[in-house]
There are 2 protein chains.
Amino acid sequence: MALNRADVVEAALAILDQYGIADLTMRRLAERLGVQAGALYWHMPNKQSLLAAVSDVIVGQVQLPRDDPDWRAWLPDWAGRLRSTLLRHRDAAELVSTTRATGLGGLDWLAAPRRRLEEAGVPEGEAADAVQVLAHFVLGQVYEEQTRAQLAELGVSAPPDPEHSERQFGFGVRIIIAGLAQSLRIGG
Amino acid sequence: MALNRADVVEAALAILDQYGIADLTMRRLAERLGVQAGALYWHMPNKQSLLAAVSDVIVGQVQLPRDDPDWRAWLPDWAGRLRSTLLRHRDAAELVSTTRATGLGGLDWLAAPRRRLEEAGVPEGEAADAVQVLAHFVLGQVYEEQTRAQLAELGVSAPPDPEHSERQFGFGVRIIIAGLAQSLRIGG
DNA sequence: ACCTGAACACCGTTCAAGT
DNA sequence: ACCTGAACACCGTTCAAGT
C-alpha cells in the first residue's frame, strides 16, 4: 500500500522517541518506511513541516483538566499535564519550542488555557500574554530537564534528581500563578 | 600570524550577527579566517564548544544594573538588559538557550541576580529557582521575537509590532516579580 | 605549534524517469 | 498518484603529512 502523510508523521514520532531529534533525518525516516528519501517530498513540502506536524501530534496529546471553578487550580493542573506529555517524548520541549517560535505549528494548543482565563474575567490580550508566560516557563524547564537526562544517559554528567525537578517546576508554576492572581486581580 | 581561540570565537560571533546560526558552519568560519576547516579543530574540540564560547561572549555583554535597595526594581532592570543584549545578536536567544540546556557554557551569568535575591534575604535554593523562572521567560520571549523578526525579513509574515513585544515582555516580568514578592515574602 | 589536503560518513532537496 | 535513482550542494570531523 502507498504511504500517506499520517504514516510519515507517525514514523517520525517513533524515531524521535527512540533516537532523539538529532537522528530524525529524512533519510532515516525514509529507510524506516522502506522508501527512498526523495519519496517523502511527495507527502511533505520539507523537513520543517514534518517537524511541525510531529510537534502538533505531541501537544495534541495534552489532556485538558476537568472543569474547575478555581482557575488557580485549573491552570497548574494544565501546566503539569503539558509537562508530563512533553516528558513522554524525547526532545519534545526543544521540538515544540522551535515549532512555536517559527509559527509553523497548525494547532492552537494554548487556546484552552487562554479561554479558561477569559472565562475568569481576564481581558483577551492579557489572557494571551499570561498563558505565554506560563508556556515559556514550562518549555524552558522541560527543555533543560530533557537535555540533562540525555547527558546523564551518555555518562557525561550525574543523573538529575527527579524530585528536584518536580519541586523546581512546582515552585515556578506557583510563582507565575501568584503573580497572575495579583496582577489580574480576578476572582474564581 | 597564527590563529588563536579568541580569533575563532570573534569571527564566529561576526558570522552569527551577519548571517544567523544556520549559516554559522565550521567551513564558512574557516573560509572567513582564511584557513581550512580542519584547522579549526586545533583550537576547538568541536562545534558545540564553539557555540558555547560564542554564547558566553554574548551573555558576558550584559551589564549589571547599579545597586538598588529595592530588588523589585533591580530585577526587572536586569531582565531588560538581558533582553536587549540578546536582541543585539541574531539568533542569540536560541543559541543561549541550547547552550544553557547542555550546560556547556563556562560562564555563570545567572550568579548576579541570584546573589541579589540572596542579599534580599531569599534562601539559596529559592533564589536559584526564582532566577531560573525569570531566565526561562526572557529566553523564550526573545526567542520568539527573533524568529518572528527573521520570518518577516523573508517576507513570510507581517513585521512584528515592537511596542507589542515590549508590552508583552513588561507584562511577563511584572507577573514574575509580583509572584516572587508574594511567594518569598521578603522586603527590600 | 599550527595548518593543509583529502578523505569519511553523512545531510536536505530536486527532478527526470519509471510504474 | 506515488516512487526510484541519481545527482547537487552542502555538513562536522579526522588525520597523515607538511612547515
Side-chain angles (χ1 to χ4, degrees), chain A residues 1-16 18-55 90-91 94-95 98-99 101-102 104-105 147 150-151 154-156, chain B residues 1-16 18-55 90-91 94-95 98-99 101-102 104-105 147 150-151 154-156:
Chain A
M1 248 306 277
L3 232 51
N4 62 40
R5 202 190 120 104
D7 295 331
V8 175
V9 175
E10 190 189 355
L13 180 55
I15 291 181
L16 183 77
Q18 278 186 55
Y19 305 104
I21 201 168
D23 288 325
L24 178 43
T25 69
M26 298 302 267
R27 293 174 126 95
R28 266 178 86 101
L29 178 55
E31 192 189 18
R32 170 182 263 260
L33 291 165
V35 98
Q36 295 295 313
L40 298 176
Y41 290 84
W42 179 261
H43 304 280
M44 317 287 302
N46 50 45
K47 191 180 178 182
Q48 274 211 337
S49 306
L50 171 72
L51 293 177
V54 175
S55 172
R90 207 186 317 202
D91 296 327
E94 183 183 349
L95 173 61
T98 62
T99 300
T102 61
L104 250 75
T147 317
Q150 276 173 244
L151 290 179
L154 299 171
V156 178
Chain B
M1 247 307 275
L3 234 51
N4 61 40
R5 204 191 118 105
D7 296 330
V8 175
V9 175
E10 191 189 354
L13 180 56
I15 292 180
L16 183 77
Q18 277 186 56
Y19 306 104
I21 201 168
D23 288 324
L24 178 43
T25 69
M26 298 303 267
R27 293 174 126 96
R28 265 178 88 100
L29 178 54
E31 193 188 16
R32 170 182 264 261
L33 291 165
V35 99
Q36 294 296 314
L40 297 176
Y41 290 83
W42 178 262
H43 303 282
M44 316 290 299
N46 50 46
K47 190 179 179 182
Q48 274 211 339
S49 306
L50 171 72
L51 293 177
V54 175
S55 172
R90 209 191 310 205
D91 295 327
E94 183 182 350
L95 173 61
T98 62
T99 300
T102 60
L104 251 74
T147 317
Q150 276 173 243
L151 290 178
L154 299 171
V156 178

Discussion item. Just the rounded figure in Å: distance from C1' of C:dA1 to CE of B:Met1.
Written reply: 11 Å
Worksheet item: Given the C1' atoms of D:dA16 and C:dC2, what is the spacing between them in whole Å?
Response: 15 Å
Item to complete: Determine which pairs satisfy side-chain hydrogen bond (donor to acceptor under 3.5 Å, both in side chains) with at least one residue from residues 41-51 of chain B, sequence neighbours left out, and list them in order.
Response: B:Asn46-B:Ser49
Item to complete: Work out which heavy atom in B:Ala2 is nearest to a heavy atom in B:Asp7; give both atom names and the distance.
Response: O-OD2, 4.3 Å
Fill in: Distance in angstrom units between B:Leu40 CG and C:dG5 P, rounded
15 Å
Discussion item. Can you see if the side chain of A:Trp42 gets near the phosphate of D:dC3 - specifically, an N or O under 4.0 Å from OP1 or OP2?
Written reply: no
Practice prompt. For A:Leu29 and D:dC3, give me the distance from atom CG to atom P, rounded to whole Å.
Written response: 12 Å
Discussion item. Does the protein touch nucleotides 12-19 of chain C at the base, only the backbone, or not at all? Give it as B, S and - per nucleotide, heavy atoms under 4.0 Å.
Written reply: BBB-----
Response to the item:
One should report the stems of DNA chain D, each a stretch of at least three consecutive Watson-Crick or G-U pairs at distances under 3.5 Å, as C:4-8 with D:12-16, C:12-16 with D:4-8
Discussion item. Going by the rule side-chain contact (heavy atoms from CB on, under 4.5 Å), which residues pair with B:Ala101 if we only count those two or more places apart in sequence or in a different chain?
Written reply: A:Tyr143, A:Glu144, A:Thr147
Item to complete: Whole angstrom is fine here: how far is it from CD in B:Glu31 over to C1' in C:dT4?
Response: 16 Å
Item to complete: Check B:Leu51 against B:Thr99 and note the closest heavy-atom contact, atom names and distance.
Response: O-OG1, 4.0 Å
Worksheet entry | side-chain contact (heavy atoms from CB on, under 4.5 Å) against A:Thr25, all qualifying residues, sequence neighbours excluded | A:Arg27, A:Arg28
Worksheet item: Can you tell me if the side-chain N/O atoms of B:His43 get under 4.0 Å from OP1 or OP2 in C:dC3?
Response: yes
Item to complete: Take atom CG of B:Leu33 and atom C1' of C:dC3, then tell me their distance rounded to the nearest Å.
Response: 13 Å
Worksheet entry | Residues forming a side-chain contact (heavy atoms from CB on, under 4.5 Å) with B:Ala11, sequence neighbours excluded | B:Leu29, B:Arg32, B:Leu33
Discussion item. Taking A:Gln18's backbone N and O only, do any of them form a donor-acceptor pair with A:Arg90's side chain (distance below 3.5 Å, no angle check)?
Written reply: yes
Worksheet entry | Closest heavy-atom pair and its distance - B:Met44, B:Leu50 | CE-CA, 3.4 Å
Discussion item. Donor-acceptor check, side chain of B:Asp23 to backbone of B:Gly20, threshold 3.5 angstrom: yes or no?
Written reply: no
